[in-house]
Structures are given as C-alpha cells and as structure tokens.
Amino acid sequence: MKLPDKTTTLEAAVARIPHGATVMLGGFGVPGTPFTLIQELLRQGQRGLTLIKNDANETGMGVDHLLAAGQVARLITTHIGLNAHAIELMNSGRIDVEFCAQGILAERIRAGGAGLGAILTDIAAETELAAHKQRVEIDGKSLVVETALRADVALIHANSTDPFGNLDYVATARNFNPLMAMAAERVIVEAERLLPFGTLAADDVHTPGPFVDHVVELGALSEEYAIVRR
Amino acid sequence: MKLPDKTTTLEAAVARIPHGATVMLGGFGVPGTPFTLIQELLRQGQRGLTLIKNDANETGMGVDHLLAAGQVARLITTHIGLNAHAIELMNSGRIDVEFCAQGILAERIRAGGAGLGAILTDIAAETELAAHKQRVEIDGKSLVVETALRADVALIHANSTDPFGNLDYVATARNFNPLMAMAAERVIVEAERLLPFGTLAADDVHTPGPFVDHVVELGALSEEYAIVRR
Amino acid sequence: MSDARQRMVARAAAEITPGMVVNLGIGLPTKVVNHLDADFPVCLHTENGLSGIGPTLSPEQADRNLIDAGGAYVSTLPGSAFFDSAVSFALVRSGRLDLTMLGAFEVSQAGDLANWKIPGKFSPGAGGGIELAQKARRVVVLTTQTDRAGNPKLKAECTLPITARGCVARIFTDMAVIDVTPEGFALCERAEGVAAAEIAEATGAPLALPAGDIPTF
Amino acid sequence: MSDARQRMVARAAAEITPGMVVNLGIGLPTKVVNHLDADFPVCLHTENGLSGIGPTLSPEQADRNLIDAGGAYVSTLPGSAFFDSAVSFALVRSGRLDLTMLGAFEVSQAGDLANWKIPGKFSPGAGGGIELAQKARRVVVLTTQTDRAGNPKLKAECTLPITARGCVARIFTDMAVIDVTPEGFALCERAEGVAAAEIAEATGAPLALPAGDIPTF
C-alpha cells in the first residue's frame with residue numbers, strides 16, 4: 001500500500017468550481033487567505049457564488065476582487081469592518097450578507113465537517129442575530145439551533161502539504177482553514193510547499209489527507225501575502 | 001509577561017477529586033490511558049464515581065482496578081468487550097452502564113468542551129441506543145438530540161507538557177485525550193516528560209495550556225503502559 | 001483460516017479500487033490488507049485515530065502507542081496522519097470514507113445490518129460500528145454464509161438489534177458474493193465447487209440468480 | 001492618548017491577577033498590555049488562534065502570518081500555542097477565559113453591553129465580541145465616560161442592539177471606576193482631580209457613592 005497522489009494544477013483545480021457554487025475560504029485577515037486560488041477564481045470568472053469567510057479582507061485584496069467583479073451573490077461572515085467596499089455593496093443591496101458570531105460560524109462549519117445536523121447553543125440568544133432562529137428546549141433552557149454549514153468547495157491556504165493532502169498551517173494562518181478543509185464536497189488546497197511523503201510527521205499533521213481532494217503548490221508568493229503597512 | 005506554572009504532585013492533583021465526582025479518562029485500549037493517575041485514585045479511594053471512558057481497559061488493568069474496588073457507580077462508554085469483569089458487573093447490576101456510539105461519545109465530550117448545549121445527529125437514530133432520546137425536526141428530518149457531556153475532572157495522559165500545560169500526544173495515544181482535556185472543570189494531566197518553556201513548538205501543541213489545570217510529570221512508566229502480549 | 005475463507009478474503013480485496021479511503025472492521029475484514037500490493041494506492045483508516053495504516057507488527061517490533069481499533073499493533077506509511085477520536089469520526093460521518101468492510105451476525109434482504117448485540121448473550125457496546133455502517137459511502141459485509149449451527153445469516157428480516165438499516169450493498173461469504181438490490185438478495189458469484197442451489201439453500205430469503213453462467217472465485 | 005486615558009488603562013491593568021487567561025478587546029483594551037511586567041504570570045488570548053501573546057511588533061520585525069484579532073502584528077512567548085478558530089472559541093465558551101476587557105458604545109445599569117452595531121451607521125458584524133461578552137468569567141469595559149457629543153455612555157437602558165445582557169461587572173473610564181451591582185452603577189474610584197458630582201453628572205443613570213473617601217487613580 002502507498003498513499004494516493006492528489007497534486008494538480010491551479011487552473012484544473014479551480015475549474016472544478018461551477019457557477020452558483022457555495023465556496024468556503026480560509027483566512028482571518030491576511031494570514032491563511034488563499035489569495036492565489038482567489039485570483040484564479042477571478043480569472044475564470046465563475047458567478048453567482050455564495051462565499052463563507054470570516055471577513056471580507058480589505059478593499060482591493062483577496063475576496064474583495066470577487067465582490068468587485070460581481071461574482072458574489074451572498075456572503076456568510078462575522079465581520080467586514082476592514083472592507084468599506086463590502087459594506088457599501090451590502091448597504092446598497094448588491095450582495096446579501098449574513099452575519100454570524102465568530103465562534104458560532106466556526107462551529108457551524110465544524111458541524112458540517114463532522115457530519116452533524118446542527119448544534120444547540122445559548123450564544124447570541126438575546127441578540128438580533130438569533131431573533132429568527134429555531135429554538136429547542138433542553139433541560140428547561142431555550143437554546144438556539146445553529147444549523148451545520150457545508151460547501152460545494154473549500155479553498156484552503158496551507159503552509160505544507162504532501163501529495164496525499166496532509167496539511168500543516170503556521171501561526172495564526174490556521175484560523176478557519178482546518179475547519180473548512182473538513183466541510184466541503186471538494187477541498188482545494190494551495191500550499192507554500194509540497195513536501196515528499198514522510199516529511200510531515202504523522203503527529204504534526206493539522207488536516208489529515210482523507211479530507212482533501214486537490215493540492216496545488218504555490219510558486220513565489222504575490223504581494224497580497226505580505227506584511228500590510230498601514 | 002510569562003506563562004503561569006501549573007506543575008504539581010500526583011498526590012495533590014488527585015486529592016482534588018471529590019467522592020461522587022464525574023471523571024473523564026482518556027485512552028483507547030492501552031495507548032493514552034492515564035494509568036498512574038488511576039492508580040493514585042485507587043490508592044486515595046474516592047467512591048461513587050461516574051466514569052466516562054471509551055472502554056473499560058482489560059480485566060486487571062487501568063479502570064478495572066476502580067471497578068474491582070467498588071469505587072464506580074456508573075460508566076458512560078462505547079465498548080467494554082475486552083473486560084469480562086466489567087460486563088459481569090454490568091449484567092449483575094452492580095454498575096450502571098450507558099453505551100454511546102463511539103464518534104457520538106467523542107462529539108458529546110467535544111460539545112461540552114466547546115461550551116455547546118447539544119448536537120443534533122442522525123447517527124443511531126434507528127437503533128435502540130437512541131430509542132428514548134429527545135428528537136428535533138430540522139428541515140423535515142428528525143434528528144436525535146445528543147447532549148453535551150462535561151465532567152468535574154478529566155484525567156489525561158500526554159506525551160509532553162510544559163509547565164503551563166501545553167500538551168502533545170503521540171500516535172494513537174491521542175484518541176479521546178484532547179477532547180476530554182477541554183471538557184472538565186478540573187483537568188489533570190500526567191505527562192511522560194515535562195519540557196522547559198519554549199521547547200514545544202507553538203504550531204505543534206495539541207492541547208493549548210489554557211484548558212489545563214494541573215500537570216504531573218511521570219517517572220519510570222509502570223508495566224501497565226507496556227506492550228500487551230496476548 | 002480455512003481455504004474457503006481465504007478465498008472469500010482475497011475476493012473481497014478486489015472490491016478496493018485505487019485511491020479509496022477504506023476502514024476494515026475487526027475480525028475477518030482485517031485480513032483483507034494482506035491482499036493489497038505494496039504499490040497499490042489506498043488509504044486505510046482506523047477509528048482510533050490513524051489514516052494510512054501500514055503493516056501489522058509483532059509484539060517485538062511494536063510501538064506501545066500505535067494500535068488499530070481492534071487492538072493489533074500496526075505501523076505507519078510515509079504520508080500517515082494521527083488525529084483524535086472526534087476528527088476520526090468526522091471523517092466517517094462527512095462522507096470521506098469510501099468503503100467499509102464489516103462483520104455481521106445477520107443481514108436482511110433490505111440491507112439492514114445487525115452486528116453489535118445479542119440480547120442476554122453479547123452486549124459489549126457498539127463501539128464505532130454504527131457510524132461505519134450508517135455513513136461509509138459503501139458498506140460490504142464479510143461473513144460465513146451460515147452460523148455455527150448452520151442457520152443462514154442472510155435473512156428476510158433481522159431478528160437481532162439493528163446496527164443500521166439499508167446500509168449493506170454487498171456480502172462476501174465463504175460460499176458466494178451476493179448483492180443487496182432493491183428486489184432483495186442477488187447472487188453475483190459462487191465459490192469454486194459450490195452450486196447455486198447450495199447457496200440458495202443456505203440463504204434465509206429469496207436469492208435471485210443471474211441469467212447465464214455464474215462466475216466463480 | 002490623553003493623560004486621563006493613560007491613567008484609565010494603567011488602572012485597568014491592575015484588574016489582571018497572576019495566573020489569569022485574559023482577552024484584551026480591540027482598541028483601548030489592547031493598550032493594557034503595556035502595563036504588564038515581563039515576569040508577570042498571565043496568558044493573553046486572541047480569538048484568531050493564539051494563547052500567550054507576546055509584545056507587538058513593527059512591520060519591519062513582523063511575521064506575516066502572526067497577527068492578533070485586531071490585525072496588529074504580535075509575537076509569541078515561550079509557552080505560546082496556536083489553534084484553530086473552533087478551539088479558540090471553545091476556550092471562551094467553556095469558561096477558560098478568566099477576564100475580558102472590551103470597548104463599549106453603551107452599558108446599562110443592569111450590565112447590558114452594546115458595542116457592535118449602530119443601525120444605519122455602523123454594522124460591520126459582531127466578530128467574536130458576543131462570545132467574549134457572554135462567556136468570559138469576568139467582563140470589564142474600558143470606555144470614555146461620555147461620547148464625543150458629551151452624552152453619557154452609561155445609561156439606564158441600552159438603546160442600541162445588545163451584545164450580551166447583564167455581562168458587565170466593572171467599567172473603567174477616563175473619569176472613574178464604576179461597578180455594576182444588583183442595585184445599579186456604584187462609584188468605586190475617581191480619577192485624580194475629578195469630583196464625584198462630575199462623574200454622577202456624566203452618568204446616565206443613578207450612581208451610588210461609597211461611604212467615606214473615594215479612592216483616586
């Protein structure tokens with residue numbers, strides 16, 4: 001036995017995304033955002049997308065390119081305060097935005113990845129975020145039903161991968177990536193380096209290969225990955 | 001700033017467990033079972049315990065000592081087929097046993113560790129395991145409510161720890177340990193080695209220190225940790 | 001292991017196609033690994049937290065921390081990964097397990113599986129079996145055609161507590177390969193030297209026979 | 001930062017006791033870190049996935065992959081750990097966060113907090129603020145006593161959408177330290193040179209005064 005090889009090209013991987021797809025994207029700010037996969041999605045031009053991402057990056061960066069190109073119909077997110085352009089699109093009704101408490105977005109995605117139907121929580125129960133959500137009484141306590149989220153495609157930025165798609169992440173670039181890497185029908189990974197089999201210690205793998213469908217090794221990183229000077 | 005020190009002695013750590021406590025114990029078979037903490041719990045003799053553990057080890061090993069000493073009132077588990085003594089105690093009504101599907105036990109513990117109230121799942125919905133459990137209809141589908149599990153104390157076996165309780169596990173000794181290490185009011189860790197601060201790479205920590213209360217370094221390992229020859 | 005069982009296990013191994021993620025249940029299914037070549041691309045999963053199981057090891061070679069869910073000492077391959085029990089079953093429940101091979105007490109003609117409990121006799125708990133049976137993309141069963149008393153294990157209805165309903169796609173026995181179809185059991189292949197009539201006799205529900213020759217294994 | 005704000009931040013830092021796990025919210029609370037000694041035992045948490053935040057770094061020193069939830073480039077300490085967003089909030093929701101310091105638009109006399117949305121003006125989403133406010137074992141607020149127009153931020157009732165109800169235990173302002181008690185706001189300390197009457201004037205609900213001298217900071 002040997003482990004299967006899932007390496008492919010950027011173009012072929014992103015071509016698997018259909019129009020109208022629901023797409024999860026890793027990242028919290030710059031760290032962990034799959035900028036190269038996003039650029040290829042911009043180039044290929046799939047439209048009518050629903051994006052699930054912690055934030056909307058900043059104006060002129062990352063997913064903002066997809067917003068600007070009119071490729072996005074809907075965004076499920078936690079905070080878009082660093083992207084004035086996204087707020088403008090939301091306020092003018094050109095994109096539909098659903099806000100989630102950050103940890104609950106993480107748990108909804110994880111629940112999707114874990115094959116669960118929903119989680120029950122008291123988070124945000126007293127706020128407008130949960131005003132129209134189903135409630136369930138457990139031991140006399142009214143809890144909010146937060147349904148599991150799954151996507152057609154997850155776009156993941158990893159530090160290292162092997163050919164099977166065993167991944168590791170570095171520092172705060174981990175964030176939503178390992179959760180989304182479990183929660184999509186098709187998981188596409190860009191990795192800063194493709195390592196030979198056996199180089200990643202089995203104890204140090206953050207996302208096990210069975211969850212991953214396609215891995216693409218990045219060349220030189222674009223400016224979008226760099227330090228932001230404000 | 002520096003990170004706090006949580007190192008203590010075996011005796012002092014286990015003395016924090018009261019009679020009647022609910023106690024989670026890591027391990028799947030031998031790997032990851034906190035045999036030394038169990039031996040100290042046997043020596044101190046706390047009674048009326050509810051144990052939550054994947055399995056009941058084998059007759060004469062691990063938690064079986066606590067069963068034999070009459071310290072256990074109740075066991076929440078997935079499979080006790082390797083411990084004929086535990087099955088006999090169950091069949092004669094001397095301990096109360098609740099069986100869970102293995103991945104659902106893992107998720108119930110994780111939900112406790114994540115501060116959720118419950119998860120909703122279709123697992124075992126058609127079996128007797130879920131016959132008396134609450135159901136919730138989500139999108140026309142009847143799902144089983146699996147309530148979160150938390151414990152008063154979790155007993156964890158780790159490979160390494162630092163003084164703050166950042167942990168790593170090795171091979172299949174990981175199993176339920178990182179889940180239980182999030183799900184108890186008091187988390188007590190036995191570790192094969194206590195490493196100085198900064199030795200464990202921040203990216204390779206499996207259980208972050210904030211979840212852990214007490215860490216105890218093991219000396220020479222007892223025979224119970226060794227290879228089982230059948 | 002008898003010759004008939006050996007052939008059953010060898011035949012079942014052909015069910016695994018390149019690139020699959022596979023969980024081999026405790027007992028007979030575990031033996032399937034011996035029929036996979038060194039360069040065959042497959043990922044074996046064990047629910048106690050390992051993808052990429054390598055060869056089984058003797059106690060002398062074993063790592064005390066590295067077992068499979070059946071308690072056997074196993075090894076890793078280049079590209080293996082360890083994970084916790086929640087992640088391990090997340091993989092199973094979210095559709096990443098292409099195939100599982102399980103043992104059975106009973107299989108019904110609707111594909112219901114009973115393999116975890118015999119009330120009053122055997123009730124050690126279901127372990128991870130329910131999730132494997134309910135959520136693997138394809139579930140096949142390896143079992144003897146009859147129990148020790150000679151009674152069929154393939155039945156019209158299960159009489160024992162159910163593991164999962166309608167989950168079994170195919171059954172490999174010491175006598176035959178039998179599919180579960182919308183119309184019930186259908187014979188696909190017979191063991192060398194075993195007649196279709198003998199198989200039908202040892203099956204506790206109607207067994208459809210293929211038109212024409214029945215392949216042997 | 002004004003001298004009054006500096007003193008407020010320094011005073012708030014004394015709220016942190018040895019051994020705590022603490023999350024410092026975006027804005028003023030982040031500045032508290034400058035008042036913690038190098039040998040003070042504390043674990044700072046940031047919700048994007050780090051326990052054990054070290055000193056803030058300039059762009060020249062920064063690691064492009066290492067930020068806090070406010071986007072500042074930070075560093076690690078010996079004993080830091082990285083984790084994913086689910087684990088990060090598991091820590092918050094399961095009671096492992098001893099203290100959080102948050103900013104506020106409004107705090108009610110019942111301890112309700114509003115700090116995430118001004119309908120029609122500011123609605124970028126709540127981020128992780130709801131879980132911090134609802135689940136930290138102790139929630140304290142750092143804010144100016146009044147908004148830019150001079151209106152009190154401490155009120156009888158919040159008028160803006162709520163972040164969490166009854167969560168705030170104590171408020172540090174440029175004028176005072178005020179506790180939220182079952183009876184409402186209670187003055188604990190006043191900033192040097194600020195009279196109790198001025199504080200009461202700048203508070204939008206009744207303010208109980210302590211018997212005897214009011215400590216200054």
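Per chain, numbering begins at 1; letters A, B, ... match sequence-line order.
In this structure, A:Asn177 contributes its side chain and A:Ala173 its backbone to a donor-acceptor pair below 3.5 Å. Without hydrogens or angle criteria, B:Glu217 side chain to B:Leu194 main chain gives a donor-acceptor distance under 3.5 Å. The closest donor-acceptor contact from the side chain of B:Lys6 to the backbone of B:Pro163 lies at 3.5 Å or more, if one exists at all.
Nearest heavy-atom pair across A:Asp203 and B:His206 is O-NE2, 2.8 Å.
In this structure, chain A has no heavy atom under 4.5 Å from any part of B:Glu146. Only the side chain of A:Ala114 comes within contact range of chain B, with heavy atoms under 4.5 Å apart.
Residue with the most contacts toward chain A among B:Thr121, B:Val170, B:Leu143: B:Val170 (heavy-atom pairs, distance under 4.5 Å). In terms of non-hydrogen atom pairs under 4.5 Å with chain B, the most contact-rich of A:Ala201, A:Ala111, A:Ala118, A:Gly115 is A:Ala118.
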